[in-house]
Amino acid sequence: MAAPDPSTRPSARDPELGFPPPGQVLHRLRTQRGMSLRQVAAECGLSVSFLASLERGETDIALERLGRLAKVFDHDVGSFLGFSRGRATPSVFPREEQETLNRAPGVVYRVLRSPELGYQVVTGDFAPGCGLTEDLQHEGTDLVVVTRGTLVARYNGVDHALRAGDCIQWSAGHPHTFRNDGDEPAQMMVVLFSSLY
């Protein structure tokens, strides 16, 4: 039996190219969204066998085809390959489509999820005299901005009075909570550098 011709074997990818193998990106995004190769193929107009070969690293992809493939996952070529974290087109998150959570009497949260960016944005509306009824603790870091009124942010047993425009950041692993001691409504915006909601 003859030895296989080395020119027919897939070559090892050169890490100096500076971008991940498109087939690995395809597999990751497809798996995250629960899509089959057949579903992806139907949306981008490429064959299932070609996409399977791409995922296995057995073939390369032309730029125009890569653009069609990226579009299936709401990316452009750059963001698909990791050169930018966001898409080339803006993402709009209408207020009515954001998840609403009644966290405590008089306290309403709205949650904005952007999975491809790896963080969440939460807005919290606090009626006068209302606050969270329990301490929060979770992984990651929080960046809190008071956007209206005044809030007391209690972190690890210490109160921090914050006015509109004030910011506070902390490691979210310590107990923290919020309350509105004032007579006017208050609002905050929190960037959660972890998935909590």
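Keep in mind the model is a prediction, meaning the values are calculated, not measured.
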Are H138 and H174 an aromatic pair, judged by ring center distance below 6.0 Å?
no

Non-neighbouring partners of T31 that pass side chain to side chain contact (heavy atoms under 4.5 Å, CB included), sequence neighbours left out:
H27

When every non-hydrogen atom of T150 is compared with those of N180, the smallest separation belongs to O-OD1, 3.5 Å

With D135 via side chain to side chain contact (heavy atoms under 4.5 Å, CB included) - residues at least two apart:
P175, T177

With sequence neighbours excluded, tell me which residues meet side chain to side chain donor-acceptor pair (under 3.5 Å) with R163.
none

Using the side chain to side chain donor-acceptor pair (under 3.5 Å) criterion, which residues pair with E134? Sequence neighbours excluded.
R103

So does R33 pair up with D74, basic N to acidic O under 4.0 Å?
yes

With E96 via salt bridge (charged side-chain N to carboxylate O under 4.0 Å, His left out) - residues at least two apart
none

With sequence neighbours excluded, tell me which residues meet side chain to side chain donor-acceptor pair (under 3.5 Å) with T133.
none

Nearest-0.5 Å distance that lies between atom CG in L54 and atom CG in L69
7.0 Å

List for me each residue that meets salt bridge (charged side-chain N to carboxylate O under 4.0 Å, His left out) alongside R179, sequence neighbours excluded, and say none if there are none.
D159, D181

Give a yes or no on this: more than 12 heavy atoms of other residues, nucleotides or ligands lie within 6.0 Å of atom CE of M35.
yes

Checking E64 now: which residues fulfil salt bridge (charged side-chain N to carboxylate O under 4.0 Å, His left out) with it, not counting sequence neighbours?
R68

Which residues pass the salt bridge (charged side-chain N to carboxylate O under 4.0 Å, His left out) test with R148, not counting sequence neighbours?
D125

According to ring pair (Phe, Tyr, Trp, His ring centres under 6.0 Å), who are the partners of H160, at least two apart in sequence or on a separate chain?
none

Show which side-chain atoms of residues 41-52 pair as donor or acceptor with protein atoms under 3.5 Å away, not counting sequence neighbours.
{"residue": "S47", "atom": "OG", "partner": "S49", "partner atom": "OG", "Å": "3.3"}
{"residue": "S47", "atom": "OG", "partner": "F50", "partner atom": "N", "Å": "3.0"}

If we only count heavy atoms from C-beta on, is the R110 to V122 side-chain gap below 4.5 Å?
no

Residues that E184 engages under side chain to side chain contact (heavy atoms under 4.5 Å, CB included), provided they are two or more places apart:
none

